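Order of the sequence lines sets the chain letters (A, B, ...), proteins ahead of strands, with each chain counted from 1. Computed from a prediction, not measured in an experiment: that's the story for all the values here.
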Amino acid sequence: MDTLETLRGLIADKFEVESAQIFPEASLDTLGLDSLAVFDLIFDIESVFDIKVANDEVKIVTVADVVSMIDRLRQEQGKA
Amino acid sequence: MHRVAVTGWGVVSPWGNDPDIFQQAILNSHSAVRALEDRADGPWPNRPAAWIEQFNPRDHFTLSQLSTLDRASQFALVASRSALQMAAANRQQLNLEQCGVYVGTGMGSAGSMEATYHSFFAEQSRRLKPLTIPSSMANAAAAHIVIETQFTGPNVTFCSACASSAIAIGEAARKIRYGEASLMVAGGVEALIYPSVLHAWEALRTLAEPDPLSISRSCKPFSKNRTGMVLGEGAAFFVLEAWDHAQSRGAEILAELKGFASTSDSVHLTKPSVAGQAHAMCAALKDANLQPQEIGYINAHGTGTQANDSTEAAAIREVFGTHAATLPVSSTKAVHGHLLGGASALELLITLKSLRDGRVPPTANLDQIDPECVLDHVLVQSRETPNLRYAMSNSFAFGGTSGVLIAAAVP
């Protein structure tokens with residue numbers, strides 16, 4: 001599973017953001033995701049990537065932060 | 001003390017969001033009442049209800065916005081936007097600190113709560129949606145309206161069952177009257193047509209039985225053969241302004257909110273009281289500084305339950321005396337259903353439009369006037385009331401809370 005591509009699809013569909021805007025350096029804030037939207041996104045990430053995201057993991061700013069968090073948790077939780 | 005002007009109104013109803021089309025439907029007794037069992041998304045009780053089919057959230061909101069918007073908040077936002085648009089109240093003209101939002105709702109975000117419990121209990125899910133709380137809190141609708149309008153004055157949600165929005169509107173009017181706000185968006189909303197809610201109401205033995213000949217005629221306020229109420233959904237919102245504030249920005253004044261009272265029966269959880277209702281109407285008349293004979297129309301609470309209608313009719317006769325014999329009264333719940341916390345707002349809209357148009361709506365399905373409910377009922381067809389100057393809108397809630405509003409036509 002290509003984490004960035006999957007995440008891009010998730011954000012594009014859920015928040016109606018142009019896929020082209022969802023590049024690694026883009027901040028979630030500039031994509032229009034406020035703190036509640038980030039919680040909502042994490043809920044879907046947990047389902048799609050089959051991981052558990054702890055409360056102290058949610059300090060994510062950019063798309064790249066989300067990708068690296070997902071990849072690390074998949075490794076740690078044996079889902080990679 | 002400031003006079004309170006109404007400068008805008010908006011509605012979300014089974015007939016769409018155009019207030020003129022809505023009023024025509026009410027004047028013509030075009031019933032929105034249908035059989036719940038015809039819906040595939042049950043299980044529903046074998047009871048009628050009046051719900052909104054043509055409301056498409058995607059016409060009004062992005063997917064992102066919808067993640068925190070319960071159906072009730074959606075209705076409230078759409079109706080309040082329409083009211084503000086009608087009032088032509090743009091942000092640049094307003095001192096936002098002097099503007100606020102008061103909302104009345106009975107059951108709040110019933111749909112979000114039902115979906116959550118379904119997920120938790122029926123599906124045994126322990127992963128509930130993260131936005132469950134902010135989207136289902138009872139004050140969510142009011143919060144969304146202030147965020148959208150950027151008003152920074154008072155923002156309060158009133159929850160007093162069927163009188164909720166009368167109180168929201170009445171208290172908003174007082175805020176203006178006493179100079180504590182210059183403009184308020186006030187109204188009410190209810191979105192409760194969900195299976196568990198309907199079954200709970202059915203269990204209380206208050207819902208009308210389906211009329212065997214025509215389901216749309218199931219709710220029969222003040223009629224001897226009435227069997228109960230029909231639940232409905234929707235929203236109505238108003239822009240209220242200090243009279244001089246409205247005039248100074250060149251707004252069209254549509255009506256005046258003249259009086260308001262909220263009182264308590266303090267008798268029983270659900271049983272209405274003649275003394276309590278009469279007290280509320282008298283207090284509203286006093287607040288409006290009007291004599292009973294000056295009222296030219298009453299939009300009754302008129303739920304269609306045995307207890308309410310005879311109680312309300314007796315209370316009206318007690319307050320208005322001989323004038324009651326020639327004072328047009330109607331209950332429009334027969335066609336739009338009972339919106340609980342949104343009912344007073346929807347019925348105030350009907351009342352204000354009646355004042356403006358000089359025509360009051362009938363009580364639909366009033367086949368045989370109950371001898372205990374004798375009043376000057378507007379029967380079958382709407383009635384022309386060219387000299388209508390002042391009208392009253394009644395709301396009497398479970399819990400014994402009454403909310404009575406009095407409005408005046410603007411010459």
Side-chain angles (χ1 to χ4, degrees), chain A residues 1 4-23 26-63 65-67 69-70 73-74 76-79, chain B residues 55-74 76-78 81 108-109 111-152 155 157:
Chain A
M1 187 187 292
L4 178 59
E5 276 312 303
T6 307
L7 181 64
R8 186 175 271 151
L10 204 58
I11 294 174
D13 289 348
K14 194 173 178 70
F15 302 101
E16 295 174 301
V17 180
E18 291 277 341
S19 288
Q21 290 182 274
I22 309 168
F23 49 86
S27 75
L28 298 176
D29 191 43
T30 56
L31 296 178
L33 276 66
D34 66 7
S35 57
L36 289 178
V38 170
F39 289 155
D40 212 17
L41 175 65
I42 289 172
F43 182 79
D44 285 2
I45 287 171
E46 288 184 323
S47 303
V48 171
F49 293 95
D50 191 24
I51 53 174
K52 287 285 290 176
V53 180
N55 285 354
D56 59 1
E57 295 278 6
V58 299
K59 295 179 194 108
I60 42 181
V61 177
T62 65
V63 171
D65 291 344
V66 185
V67 170
M69 178 194 77
I70 293 168
L73 291 177
R74 281 173 62 81
E76 288 174 9
Q77 296 175 17
K79 305 289 167 57
Chain B
F55 182 86
N56 180 4
R58 295 289 278 131
D59 291 343
H60 308 283
F61 307 105
T62 64
L63 276 182
S64 196
Q65 288 175 310
L66 285 170
S67 65
T68 55
L69 290 174
D70 178 86
R71 187 169 170 85
S73 296
Q74 294 169 27
L77 273 169
V78 170
R81 283 175 185 172
S109 306
S112 297
M113 292 312 296
E114 188 188 72
T116 300
Y117 292 136
H118 185 268
S119 176
F120 190 80
F121 293 109
E123 296 172 349
Q124 297 279 303
S125 172
R126 297 299 174 260
R127 288 186 77 236
L128 298 180
K129 289 186 176 176
L131 305 186
T132 298
I133 296 298
S135 62
S136 65
M137 58 192 192
N139 64 331
H144 284 290
I145 297 170
V146 288
I147 290 165
E148 189 162 283
T149 56
Q150 296 288 289
F151 292 173
T152 58
N155 164 20
T157 298

Practice task
With rounding to the nearest 0.5 Å, note down the distance linking CG in A/D40 to CG in B/L131.
Solution key: 4.0 Å
Completion exercise
Okay, B/L128 and chain A: the region with an atom under 4.5 Å from a heavy atom over there is backbone
Fill in the blank from the handout: Scanning both residues in full, the closest heavy-atom pair of B/R127 with A/F43 reads NH2-O, 2.8 Å
Handout entry: Any residue of residues 57-69 of chain B which, by heavy atoms, sits under 4.5 Å from chain A
Key = B/R58, B/T62, B/L63, B/S64, B/S67, B/T68
What do you reckon, is [atom1] of [X] surrounded by more than 12 foreign heavy atoms closer than 6.0 Å?
| X | atom1 | result |
| --- | --- | --- |
| B/Q150 | CD | yes |
| B/N56 | CG | yes |
| A/K79 | NZ | yes |

Problem - Residue list, side-chain hydrogen bond (donor to acceptor under 3.5 Å, both in side chains) with A/D65, at least two apart or on another chain - result: A/T62
Completion exercise
In terms of heavy-atom pairs under 4.5 Å with chain B, the winner among A/E46, A/E16, A/K14 is A/E16
Completion exercise
Bottom line for A/D13: the part with an atom under 4.5 Å from chain B's heavy atoms is backbone
